[in-house]
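Report on the structure given below.
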Amino acid sequence: MDVKMEPGWKEALKSEFPKTYFQQVVTHLKMEKMGGKHIYPPGSQIFNAFDKTPFELVKVVIIGQDPYHNPGQAHGLSFSVPDGIAPPPSLQNIYKELAADLGLPIPKHGNLEKWAERGVLLLNAVLTVRANEPASHQKIGWMDFTNAVIRHISDQKEHVVFLLWGKFAQEKQVLIDETKHLVLKAAHPSPLSAHAGFFGCKHFSRTNEYLVRNGIDPIDWSL
């Protein structure tokens, strides 16, 4: 099948698309749709993270688990929601840490597209979900794909910052070459765990310090 994706990513990941696991993901999604299931995000936004952050521009990777499963929330970027949708609790906590770390005002909206366009890859480990069924696509093969994405970034780029929030994201650390990239870990920003080490982690300022130290323009985290 022809995957519609930003050309740099398509080239970087071309070895993945013919693989059996990827074809199985495609077949699974088609079968569910034929069976009347609602799947988020919409088909045109499944690869939104890659389209908004071209391979050449990637400076930072924020790994989420799977898309929001309520109507209108998921648009293919981890932790982000489209304009007009209230920021979910984890994102509100991200904003609180951003304000505490960098003194930036807390946005009223939950749309992180500006981050994506500035080089922050907002990557969910699982790229789709059935409506109202969290983690429903966790075992259909997406993780093979997104693990390959992380490995390709690690292998083909230098001085990328990986922000691993929570145990699930931290399991991806083994895919990253830490001799040439920075891995920053903290608790998940969920209300259940944010007080256990997410608040006060200063990942936004630490990211920019590392980028500048390596001759790379810092991220403008304002929204």
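In what follows, residues are counted from 1 in the order of the sequence shown.
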Gap between atom [atom2] of [Y] and atom [atom1] of [X] - 0.5 Å precision:
| X | Y | atom1 | atom2 | answer |
| --- | --- | --- | --- | --- |
| Thr146 | His152 | OG1 | NE2 | 12.0 Å |
| Asp177 | Arg151 | CG | CZ | 13.0 Å |
| Ser193 | Asn93 | OG | CG | 8.5 Å |
| Lys96 | Asp101 | NZ | CG | 15.5 Å |
| His195 | Leu192 | NE2 | CG | 10.5 Å |
| Leu29 | Ile46 | CG | CD1 | 5.5 Å |

ILVMFWY cluster, [X] and [Y] together (side-chain gap under 4.5 Å):
| X | Y | answer |
| --- | --- | --- |
| Ile62 | Leu182 | yes |
| Ile39 | Met143 | yes |
| Phe50 | Phe162 | yes |
| Ile85 | Leu122 | yes |
| Val61 | Trp142 | yes |

Taking atom [atom1] of [X] as the centre, report whether more than 12 heavy atoms of other residues, nucleotides or ligands fall under 6.0 Å from it.
| X | atom1 | result |
| --- | --- | --- |
| Lys19 | NZ | yes |
| His159 | NE2 | yes |
| Lys180 | NZ | yes |

Could you pull out the closest heavy-atom pair between [X] and [Y], with the gap in Å?
| X | Y | value |
| --- | --- | --- |
| His137 | Val129 | ND1-N, 3.6 Å |
| Phe168 | Ala125 | CE2-CB, 3.3 Å |
| Ala74 | Pro41 | O-CB, 3.6 Å |
| Glu16 | Tyr21 | OE1-OH, 2.7 Å |
| Tyr95 | Gly110 | OH-CA, 3.5 Å |
| Leu223 | Asn111 | CD2-O, 3.9 Å |

Could you check, using the six-membered ring where one of them is a Trp, whether [X] and [Y] have ring centers closer than 6.0 angstrom?
| X | Y | value |
| --- | --- | --- |
| Phe79 | Trp165 | yes |
| Phe198 | His188 | no |
| Phe22 | Phe145 | yes |

| task | Answer whether the closest heavy-atom distance between the side chains of Lys37 and Lys33 falls below 4.5 Å. | result |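 Heavy-atom side-chain distance check fails, nothing below 4.5 Å.
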| message | Any non-hydrogen side-chain atom of His109 less than 4.5 Å from a side-chain atom of Pro87? | response | no
| request: Might you work through the side-chain contact (heavy atoms from CB on, under 4.5 Å) test for Val60 and Val160, ending with a clear yes or no? | output: CA-CA 5 Å; Val60 179; Val160 173; 5.8 Å; no
Keeping [X] on the side-chain end and [Y] on the backbone end, is there a donor-acceptor pair under 3.5 Å?
| X | Y | answer |
| --- | --- | --- |
| Asp66 | Ala135 | yes |
| Asn48 | His75 | yes |
| Ser136 | Glu133 | yes |
| His181 | Val161 | no |
| Ser80 | Leu77 | no |

| message | side-chain contact (heavy atoms from CB on, under 4.5 Å), that's the test. Do Leu184 and Phe204 meet it? Break it down for me. | response | CA-CA 10 Å; Leu184 295 177; Phe204 304 102; over 6 Å; no
| Given Asn70 and Asn132, is the side-chain contact (heavy atoms from CB on, under 4.5 Å) satisfied, shown in steps? | CA-CA 6 Å; Asn70 293 324; Asn132 306 313; 3.5 Å; yes
For residues 112-120, dump all side-chain donor-acceptor pairs below 3.5 Å to protein atoms at least two apart in sequence or in another chain.
| from | atom 1 | to | atom 2 | distance (Å) |
| --- | --- | --- | --- | --- |
| Trp115 | NE1 | Trp221 | O | 2.9 |
| Arg118 | NH1 | Asp220 | O | 2.6 |
| Arg118 | NH1 | Ser222 | O | 2.6 |

| query | Are His28 and Gln24 close enough, and set up right, to give a side chain to side chain donor-acceptor pair (under 3.5 Å), and what steps lead you there? | reply | CA-CA 6 Å; His28 188 102; Gln24 287 172 340; over 6 Å; no
| Are the charged groups of Glu209 and Arg213 less than 4.0 angstrom apart, N to O? | no
| request: Go through the steps for Glu6 and Phe55 under the test side-chain contact (heavy atoms from CB on, under 4.5 Å), then give the verdict. | output: CA-CA 8 Å; Glu6 187 273 325; Phe55 186 71; 4.2 Å; yes
